[in-house]
J.: 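Here it is, the structure in full.
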Amino acid sequence: MKVVLPDNSELELPDDATGLDAAAAIGPKLAKEAVLVRVDGTPRDLRAPLADGERIQILTTRDKDDPDALHVLRHSTAHLLAEAVRRLYPGVKIAIGPPIENGFYYDFEFPEPINEADLERIEAEIGKELDEGRSWTRENVSREAARARFEAEEEHYKVELVDSAEGDITLYTQGDFTDLCRGPHLQDSTPIKAFKLTGLAGAYWRGDEKNTQLTRIYGTAFYTTGNLAAHLAWVEEARARDHRVLGRQLDLFHLEDISPGSPFWHPKGMVIWNLLEDIRRGENAKRGYVEVKTPLIYDKWLWETSGHWEKFREHMFQIPDGDRIYALKPMNCPGHMRVYGNRMRSYRELPLRLAEAAPLHRNELAGALHGLTRVRHVTQDDSHLFCTREQIEEEVYGCIDFTAYLYELFDLDYRFELSTRPENRLGTDEEWDFTESALRSALDRRGLVYELNEGDGAFYGPKIDLHMTDSLGRSWQMGTVQLDALMPQRFGLTYVGADNTEHTPYVIHRASFGSLERFIGILIEHYAGDFPLWLAPVQVRILPVGDTHRAAADELAARLRHAGARVEVDDRGETIGRRVRDAELEKIPRVVVYGDRESADSLAVRERGGEQGTKSLDELLAELRQLGRL
Ligand SMILES: [Zn+2]
Ligand SMILES: [Zn+2]
């Protein structure tokens with residue numbers, strides 16, 4: 001048989017040859033360093049057979065950053081972990097141990113609970129395995145043989161997995177440990193140059209809380225020690241930027257169990273919130289949007305009409321009242337449909353761009369809640385653009401231009417994804433050709449590079465999703481621009497066209513920030529709480545040196561506030577050194593120390609992270625106007 005190599009040359013091999021045979025046919029060094037074969041883009045174990053005509057790529061230890069190469073390394077390390085745990089904790093039961101993003105885990109049922117201190121002991125045992133060296137063997141076995149083997153070992157989780165496994169059953173063995181596993185795995189343990197167990201957590205068997213709670217051990221592994229060190233530094237940095245920690249440290253917001261997933265915004269957090277609201281309002285006005293305000297609770301009739309009752313009910317908070325059932329709105333769309341439909345509309349009114357940033361409630365599972373990025377109380381910078389078929393492209397263009405403008409304000413890298421017709425869809429192919437090409441042209445016109453998600457659109461129309469990348473390189477899904485031909489129909493909306501007959505308008509659902517809560521959570525982490533001057537909740541803090549300087553400090557604060565700056569005076573009886581340090585911890589961008597030598601002509605101004613210099617009040621104001629955007 002023949003397989004095709006990445007340079008398009010063909011390699012002749014005996015029938016049933018494996019990836020490892022192919023590597024050996026190319027060269028012994030390649031065979032030695034090989035960790036995985038990728039076949040037509042899909043990872044395959046080196047020991048599994050190839051088939052005629054397949055396009056193969058051999059990955060080696062030099063592909064140290066390749067996600068598939070890292071997966072096989074980490075998965076193999078997970079097996080070493082299971083081997084170590086079985087040796088150290090007799091009676092432990094093993095469940096599953098897959099690779100995940102940035103690492104791997106393995107779930108165990110321990111006879112006695114373990115704690116963080118045990119991780120070191122287990123790490124030492126894995127280290128011993130690596131010193132001794134392990135190699136993996138792979139065998140295909142019958143279901144009965146696999147079942148018998150794990151029954152004899154009293155590994156009932158594995159027995160359950162054998163029973164529910166589909167296709168061939170394969171076992172992988174290293175040392176005296178055999179696991180039920182589809183692979184792929186390394187040839188041996190030499191490529192595992194660096195590993196670390198990173199944490200412990202509880203996890204239910206098969207993710208079901210009715211099942212036994214297991215102990216999950218997380219870890220990670222790399223092809224070089226340098227890569228592990230860089231990863232751990234990244235994790236440390238991400239931890240230092242955690243918006244839940246910074247939210248407390250900077251006094252922006254707090255969360256408590258009395259209303260899960262619903263932030264309490266403190267005055268400083270509200271400064272950021274209101275700045276985003278000002279941007280939203282100002283830009284909406286410039287771009288021809290009009291604001292509306294619609295109710296928070298509605299009779300369930302509305303949700304039945306919109307389709308939410310059928311599809312989204314379990315995420316809605318319901319409020320029974322006598323013989324009626326109301327529900328708190330999880331989205332603004334149906335309310336806006338009612339505003340549009342409350343009277344006859346003419347084509348002359350279109351496009352009609354309704355905007356509202358109302359609080360929405362979604363009954364997210366308590367376990368899924370996370371700081372500001374996964375909440376039950378959501379505030380979207382929502383809009384619904386009602387338009388004719390001919391206006392779709394122009395309106396979509398306006399939406400993405402708006403969004404690109406917003407993200408650039410925050411120096412965020414963004415990218416757009418276009419999702420097209422799914423299998424289950426409403427409407428004709430001609431209709432989809434038309435709407436998809438309208439969205440495409442709008443993206444092209446803005447000169448945006450975008451990714452295509454074929455088949456990922458909603459059943460009622462194509463959509464554009466907005467993703468951004470923060471300063472740690474993490475990608476977040478943010479806003480959306482979604483074309484919808486269905487909801488206006490469900491609400492019986494029409495307009496009278498130039499032809500004097502009634503037509504159904506299209507609606508575009510658009511949110512640019514996405515949710516304000518989430519956007520602020522991401523901004524906190526993106527800036528590590530060190531907001532640019534224009535976004536900082538407190539821009540200037542004045543520290544009077546002694547009691548005699550208080551009056552002058554207050555006067556200076558009043559003058560700065562009058563110019564629009566956000567100013568605080570810290571006149572606590574602490575030393576200047578202490579107060580400067582506190583301002584540093586609270587990430588205040590400018591600190592003015594006011595003592596005997598200071599006056600409006602000569603202020604001692606300390607820039608966060610920089611040196612103390614001398615500025616006149618006029619110079620400070622000029623800087624605040626420019627960088628602080630007063
Ligand atoms: Zn495995
Ligand atoms: Zn909507």
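Keep in mind that this is a model prediction, so the values were computed, not measured. The first residue in the sequence is number 1, and the count goes up from there. Whatever order the structure lists ligands and atoms in, that order sets their numbers, starting from 1.
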J.: Would you say H384 has an N, O or S atom lying under 2.8 Å from the Zn ion (ligand 2)?
T.: yes

J.: Would you verify whether the NZ or CZ of R121 falls within 45 degrees of the ring axis of Y89 while also being under 6.0 Å from that six-membered ring's centre?
T.: yes

J.: To the nearest 10 degrees, could you say what angle the Zn ion (ligand 1) makes with NE2 of H79 and NE2 of H75?
T.: 110°

J.: Indicate if the distance from the Zn ion (ligand 1) to the nearest N, O or S atom of H185 falls below 2.8 Å.
T.: no

J.: I'd like to know whether CD of E314 has more than 12 heavy-atom contacts from other residues, nucleotides or ligands below 6.0 angstrom.
T.: yes

J.: Quick one: angle C333 SG - the Zn ion (ligand 2) - H509 ND1, to the nearest 10°?
T.: 110°

J.: Looking at Y223, F195, F104, which hits side chain to side chain contact (heavy atoms under 4.5 Å, CB included) with L73?
T.: Y223

J.: Cation-pi check, R425 to Y460: give yes when NZ or CZ is under 6.0 Å from the six-membered ring centre and within 45° of the ring axis, no otherwise.
T.: no

